[in-house]
Amino acid sequence: MGFIYILLNCWIVQLPPQFNLPKSQLQLYGESVYCYSHDLLSKCVEGKSPAERLNAVVAWSISTTRPLIAGKAPYNPILGETHHVSCGNLNVFLEQVSHHPPISALHATDEARKLELNWWQRPVPRFYGRSIEATVHGKRELKLLEFNETYEMNSPKLCLRLLPIPSAEWSGDVLIQCKQTGLRATLCFRGKSLLGFKGSSTRITGRIGHSSHGGDLYELQGNWDEIITVKELSTGKTSVIYDAKAVISNMKAPVLQNPEGVASTESAVVWSEVSESIMKGDWNKAREAKRSVEETHRKGESRWRAKHFTYHDSGDWVYLHRPQCVPPAPIIMPQSPQR
């Protein structure tokens with residue numbers, strides 16, 4: 001039943017620290033962008049044609065779908081909490097811009113490869129008799145500035161099954177499209193049957209092709225935690241575009257490079273005493289420290305305003321410091337050698 005704790009922590013109750021991971025949900029969002037063993041973002045700008053670049057964007061989007069953690073939940077981010085990490089030339093910045101409802105915003109830039117990421121999300125749960133389904137509202141946008149291409153995409157749903165066997169899976173349809181090239185990809189995260197017995201909970205199928213006249217160029221299939229292949233329909237040639245083992249295995253932990261540059265709102269700072277106590281197994285101290293963080297947050301909630309993102313008339317959360325790039329972070333990701 002451990003998967004239930006994720007939703008309980010975010011939307012219903014505050015969990016005791018025995019059920020917490022020693023990190024914030026804001027950090028986990030960021031890790032899906034900057035934490036990898038094989039760099040797929042660079043592949044997006046290396047494609048020689050719009051179709052090659054879309055295939056690379058599809059592979060990168062799939063890579064942000066990470067295995068769910070059983071039995072433990074991250075901390076529910078407090079208002080104004082931030083997370084700032086650099087991975088090579090990619091500088092990533094996140095801020096928790098709302099608590100009720102929970103909304104996290106992300107902006108990332110890579111000046112060398114002329115990349116920009118704009119991402120905000122608001123998970124909305126719906127409770128059914130034997131399951132909980134969370135639809136992730138918001139916006140995911142990847143800009144390849146050198147090609148003047150903007151790729152918009154949504155997120156799959158998170159489904160937590162309570163009966164007959166507790167489990168969690170990603171499911172639903174994902175659309176990735178580029179209006180400048182007229183290309184789009186439709187992905188289906190299939191999941192298991194309603195009763196949870198048949199099928200694979202990590203299965204993906206999809207098609208990649210033109211938006212206007214509906215002509216398909218590729219068929220896609222595989223498992224997001226294993227191998228994803230595409231078949232070129234004109235030639236029948238099949239190739240691997242995503243290998244989960246190569247991308248998300250043997251990942252390294254972030255390293256603090258510049259202690260003086262770390263903000264007091266940084267996730268690791270906000271939750272430092274709680275995390276330290278959890279790792280020592282001092283549950284009384286962890287409980288007291290967590291209560292202190294949450295009470296301090298509640299006292300200042302009514303006066304708080306987002307400092308790094310602003311709510312736009314379009315309904316999106318936009319990085320306040322644009323067109324400036326995200327500056328290098330005091331926390332860095334050691335880069336793994338490319339395979």
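Here the structure is a predicted model, which is why all the values come from computation and not from measurement.
Between Glu52 and Lys43 there is no salt bridge, since no side-chain N of the basic residue sits under 4.0 Å from a carboxylate O of the acidic one.
When all heavy atoms are compared, the tightest approach of Arg66 to Trp170 is O-NE1, 3.2 Å. Shown here for Tyr75 and Ser275, the closest heavy-atom pair between the two residues is OH-OG, 2.8 Å. Across all their heavy atoms, Ala263 and Val269 have their closest contact at O-CG2, 3.7 Å. Shortest non-hydrogen contact noted between Thr202 and Asp225 is OG1-OD1, 2.9 Å. Nearest heavy-atom pair, Arg113 versus Ser42, reported as atom, atom and distance to 0.1 Å: NH1-CB, 2.8 Å. Between Asn223 and Arg203, the shortest heavy-atom contact is OD1-NH1, 3.4 Å.
Here the CZ atom belonging to Phe189 is positioned 6.0 Å from the CD1 atom belonging to Ile62, to the nearest 0.5 angstrom. Taking OG from Ser277 and CG from Asn284, the interatomic distance works out to 10.0 Å, rounded to the nearest 0.5 Å. For the atom pair Leu158 CG and Ile132 CD1, the distance stands at 9.0 Å (nearest 0.5 Å). From Leu117, atom CG reaches atom CG of Asp110 across 9.5 Å, with rounding to the nearest 0.5 Å. The CG atom of Asn154 lies 9.5 Å from the CD atom of Gln177; values are rounded to the nearest 0.5 Å. The line from SG of Cys87 to CG of Asp39 is 7.0 Å long, rounded to the nearest 0.5 Å.
Residues Val326 and Leu320 are members of separate hydrophobic clusters, defined by side-chain heavy-atom contacts under 4.5 angstrom among Ile, Leu, Val, Met, Phe, Trp and Tyr. Tyr311 and Phe93 end up in the same hydrophobic cluster when Ile, Leu, Val, Met, Phe, Trp and Tyr side chains are linked at under 4.5 Å. In the hydrophobic cluster analysis, where Ile, Leu, Val, Met, Phe, Trp and Tyr join through side-chain heavy atoms closer than 4.5 angstrom, Leu144 is grouped apart from Leu175. Linking Ile, Leu, Val, Met, Phe, Trp and Tyr residues whenever their side-chain heavy atoms come within less than 4.5 Å places Leu26 and Val262 in a single cluster. Val33 and Val45 end up in the same hydrophobic cluster when Ile, Leu, Val, Met, Phe, Trp and Tyr side chains are linked at under 4.5 Å.
Side-chain contact between Ile228 and Ile204 is present, with heavy atoms from C-beta onward closer than 4.5 Å. Counting heavy atoms from C-beta on, the side chains of Glu149 and Lys179 never come closer than 4.5 Å. Between Thr181 and Phe147 there is no side-chain heavy-atom pair separated by less than 4.5 Å. No side-chain heavy atom of Asp243 sits less than 4.5 Å from a side-chain heavy atom of Val247. With contacts defined as side-chain heavy-atom distances shorter than 4.5 Å, the pair His321/His308 qualifies. For the pair Ile241/Thr229, no side-chain contact is recorded, criterion being any heavy-atom separation below 4.5 Å from C-beta on. Side-chain contact between Arg53 and Tyr151 is present, with heavy atoms from C-beta onward closer than 4.5 Å. Between Val136 and Lys157, every side-chain heavy-atom pair lies at or beyond the 4.5 Å cut-off.
Identified under the side chain to side chain donor-acceptor pair (under 3.5 Å) test for residues 54-65, with sequence neighbours left out: Thr64-Arg140.
When the options Trp120, Trp119, Trp317 are evaluated for a side chain to side chain contact (heavy atoms under 4.5 Å, CB included) with Leu106, the one that passes is Trp119. The one candidate from Gln96, Gln27, His84, Glu81 that meets the side-chain hydrogen bond (donor to acceptor under 3.5 Å, both in side chains) condition with Ser267 is Glu81. Of the candidates Leu187, Leu233, Leu54, Ile208 forms a side chain to side chain contact (heavy atoms under 4.5 Å, CB included) with just one, namely Leu54.
A donor-acceptor contact under 3.5 angstrom links the side chains of Lys290 and Asn20, judged on distance only. There is no side-chain donor-acceptor pair under 3.5 Å between Thr109 and Asn91.
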Criterion side chain to side chain contact (heavy atoms under 4.5 Å, CB included) on Leu183 and Leu217, from CA distance to verdict: CA-CA 10 Å; Leu183 294 176; Leu217 303 175; 4.2 Å; yes
Test log, rule side chain to side chain contact (heavy atoms under 4.5 Å, CB included), inputs Ile331 and Val255: CA-CA 6 Å; Ile331 302 172; Val255 174; over 6 Å; no
Candidate pair Ile332 and Val85, rule side chain to side chain contact (heavy atoms under 4.5 Å, CB included), full reasoning: CA-CA 5 Å; Ile332 64 169; Val85 176; 5.9 Å; no
Derivation of the side chain to side chain donor-acceptor pair (under 3.5 Å) call for Arg190 and Thr205: CA-CA 8 Å; Arg190 293 193 171 274; Thr205 59; 3.1 Å; yes
Working for salt bridge (Lys or Arg N to Asp or Glu O under 4.0 Å), residues Glu232 and Lys237: CA-CA 5 Å; Glu232 189 173 2; Lys237 180 181 178 182; over 6 Å; no
Stepwise side chain to side chain contact (heavy atoms under 4.5 Å, CB included) check, Leu115 with Lys143: CA-CA 6 Å; Leu115 286 170; Lys143 292 187 175 184; over 6 Å; no
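Heavy-atom neighbours of Lys285 NZ from other residues, nucleotides or ligands within 6.0 Å: at or below the threshold of 12. Environment of CD in Glu141: crowded, with over 12 heavy atoms of neighbouring residues, nucleotides or ligands closer than 6.0 Å.
Cation-pi check for Arg207 over Tyr218 is not met; the charged atom does not lie both under 6.0 angstrom from the ring centroid and within 45 degrees of its normal.
Taking the six-membered ring where the residue is Trp, His83 and Tyr34 present tilted rings, their angle falling between 30° and 60°.
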